[in-house]
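I have placed the structure first, in the form of structure tokens, so that the comments after it can refer back to it.
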Amino acid sequence: ISIKMAALCRTAALLLKPAKALPYTFVAAQNCSSGGHYQYILVEKKGSQQNVGFIQLNRPKALNALCDGLMTEMGQALDAFEADSQIGAIVITGSEKAFAAGADIKEMQNRTFQECYSGNFLAHWNRLSTVKKPVIAAVNGYALGGGCELAMMCDIIYAGEKAHFGQPEILLGTIPGAGGTQRLTRAVGKSLAMEMVLTGDRISAQEAKASGLVSKVYPADQVVQEAIRCGEKIAENSKLVSAMAKEAINAAFELTLAEGNRLEKRLFHATFATDDRKEGMTAFVEKRKASFKDK
């Protein structure tokens, strides 16, 4: 067995120990690049109407460590789902053991400040946060470091009852670099965010729900199906109006209350220019199910 493989096996063994025994939670995975088409993810359509895009991280031996190739492929899959008029929502998941146990440290270990700054390192990871269609994270196992940041880029997080969330970058001599300090603070508040980022400690699925990081907790074998079911509910509505609603909610993190209310009002008014708004209200008055055309 090679030295690299032995190191990987030791890292995987560490991740399976209890939380107190885990020195850090990034995966020192083997180097990887974006070789063939979707080498690191599985992509398909889910739901009875095939209207939910489904992306599963697929680096099981590395506990779904987020290498550059994986993130590039995810961007490609997201672009494809955005362009697919059939898709009304997207679900992202990992395995039952790990949503994503961290970034691929082997890829960044020897990077210099000049390389990171001039190349805007990790900039393309932000693609998930700019998707117009609603995105649901179905998190089982470890969502740590970059994995936690990836989940927080999604619009809704469902967690398996044994999931763990954390930002342990401080234990590696760095800080979160893909939105961890910003999104975590907005989700759980200053005190808990400070504690998690400054100690590297993890929180359980139940703690994550109590703090507002996730919306629901399910048994591990049900969380993916529940996320798909939520995606199907969303996909039944107008995709155009869903995008407007998502834009308005996201703006709440950026704008003052007065500015946010003005934006909401403008988007509300804009729905009256759509056929779907007319169909929705007409169907309500006529006591029937609305048939939206995304126009």
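Annotation: salt bridge (Lys or Arg N to Asp or Glu O under 4.0 Å) contacts of Lys287 (sequence neighbours excluded): none. In this structure, the side-chain hydrogen bond (donor to acceptor under 3.5 Å, both in side chains) partners of Asp201, at least two apart in sequence or on a different chain, are Thr199. Arg262 meets the side-chain contact (heavy atoms from CB on, under 4.5 Å) test with Ala258, Glu259; sequence neighbours excluded. The side-chain contact (heavy atoms from CB on, under 4.5 Å) check on Ala80 picks up nothing, with sequence neighbours excluded. For Thr185, the side-chain contact (heavy atoms from CB on, under 4.5 Å) partners are Ala193, not counting sequence neighbours. Applying the salt bridge (Lys or Arg N to Asp or Glu O under 4.0 Å) test to Arg229 and every residue at least two apart in sequence or in another chain returns Glu226. Lys209 is linked by a salt bridge (Lys or Arg N to Asp or Glu O under 4.0 Å) to nothing, counting only residues two or more places apart in sequence or in another chain. With sequence neighbours excluded, no residue forms a salt bridge (Lys or Arg N to Asp or Glu O under 4.0 Å) with Asp276. Legend: residues meeting side-chain contact (heavy atoms from CB on, under 4.5 Å) with Glu161, ordered by chain and number and at least two apart, are Gln206, Val217, Pro219.
Using a 4.0 Å cut-off between charged nitrogen and carboxylate oxygen, Arg288 and Glu279 count as a salt-bridge pair. Between Lys293 and Asp275 there is no salt bridge, since none of the side-chain N atoms of the basic residue sits less than 4.0 Å from a carboxylate O of the acidic one.
Within the 4.5 Å cutoff, the side chain of Tyr142 has no heavy atoms near those of the Asn64 side chain. Side-chain contact check for Arg183 versus Met153: some heavy-atom pair is nearer than 4.5 Å. Within the 4.5 Å cutoff, no side-chain heavy atoms of Glu232 are placed close to those of Gln49. Using a 4.5 Å heavy-atom threshold, the side chains of Leu70 and Ile41 count as touching. The closest side-chain heavy-atom distance from Glu236 to Lys289 is below 4.5 Å. Here the side chains of Lys246 and Lys132 are not in contact, with every heavy-atom distance at 4.5 Å or above. For the pair Leu66/Glu149, no side-chain contact is recorded, criterion being any heavy-atom separation below 4.5 Å from C-beta on. Counting only heavy atoms from C-beta outward, the side chains of Phe165 and Val214 approach each other to under 4.5 Å.
By the criterion of side-chain heavy atoms lying less than 4.5 angstrom apart, applied directly or through intervening Ile, Leu, Val, Met, Phe, Trp or Tyr residues, Val43 is grouped together with Val131 in one hydrophobic cluster.
For the pair Trp125 and Ala178, the tightest heavy-atom approach, listed with the atom from each and the gap, is CE3-CB, 3.9 Å. Summarising the geometry of Ile170 relative to Gly200, their closest heavy-atom pair is CG2-N, 3.8 Å, with the distance given to 0.1 Å. Across every non-hydrogen atom of Ile87 and Gln50, the tightest pair is CD1-O, 3.9 Å. Residues Phe99 and Ala143 share a closest heavy-atom pair of CD2-CB, 4.1 Å. Contact record, Gly231 with Ala89: O-CB, 3.6 Å, taken as the closest heavy-atom pair. Annotation for Gly146 and Glu169: closest pair N-OE2, 4.1 Å, computed over non-hydrogen atoms.
In the hydrophobic clustering, Val52 connects to Phe54, Val91, Ile136, Ile156, Tyr158, Tyr218, Val223, Val224, Ile228, Ile234, either directly or through intervening members, whenever side-chain heavy atoms lie under 4.5 Å apart. Other residues sharing the hydrophobic cluster of Met194, ordered by chain and number and joined by side-chain separations under 4.5 Å: Leu198. The hydrophobic cluster containing Phe268 also includes Phe272, Met281, under a criterion of side-chain heavy atoms closer than 4.5 Å among ILVMFWY residues, counted directly or through chains of members.
Note that CD1 of Ile92 and CD of Gln56 are 11.5 Å apart. Values are rounded to the nearest 0.5 Å. From Gln167, atom CD reaches atom CZ of Arg202 across 13.0 Å, with rounding to the nearest 0.5 Å. Atom-to-atom distance recorded for Thr181:OG1 and Arg186:CZ is 8.5 Å, nearest 0.5 angstrom. Remark: Leu184 CG to Leu192 CG distance equals 6.5 Å, nearest 0.5 Å. Between Met244 atom CE and Leu267 atom CG the span is 6.5 Å, to the nearest 0.5 Å. Here CG of Asp68 is found 4.0 Å from OG1 of Thr72. Values are rounded to the nearest 0.5 Å.
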Does Leu213 form a side-chain contact (heavy atoms from CB on, under 4.5 Å) with Met152? I'd like the steps, not just the answer.
CA-CA 8 Å; Leu213 182 60; Met152 290 190 293; 3.8 Å; yes
Show, in sequence, the C-alpha distance, side-chain angles and deciding distance for Met74 and Arg127, and conclude whether the side-chain contact (heavy atoms from CB on, under 4.5 Å) test is met.
CA-CA 9 Å; Met74 178 173 290; Arg127 176 66 184 101; over 6 Å; no
After noting the C-alpha distance and the side-chain angles of Tyr38 and Gln76, does the key distance pass the side-chain contact (heavy atoms from CB on, under 4.5 Å) rule?
CA-CA 9 Å; Tyr38 294 158; Gln76 294 168 352; 4.1 Å; yes
Could you go step by step and tell me if Ile249 and Asp155 meet the side-chain contact (heavy atoms from CB on, under 4.5 Å) rule?
CA-CA 10 Å; Ile249 293 172; Asp155 303 306; over 6 Å; no
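Panel note: side chain Glu73, backbone Gln39; a donor-acceptor pair is recorded below 3.5 Å. Side chain of Arg277 to main chain of Ala273: no donor-acceptor pair is present (N/O by atom type, distance under 3.5 Å, no hydrogens or angles). Side-chain N or O atoms of Asn51 include none that pairs as donor or acceptor with a backbone N or O of Gly88 at under 3.5 Å. Although no hydrogens or angles enter the test, the distance criterion places a donor-acceptor pair under 3.5 Å between the side chain of Ser215 and the main chain of Ile157. Without hydrogens or angle criteria, Lys97 side chain to Leu63 main chain gives no donor-acceptor distance under 3.5 Å.
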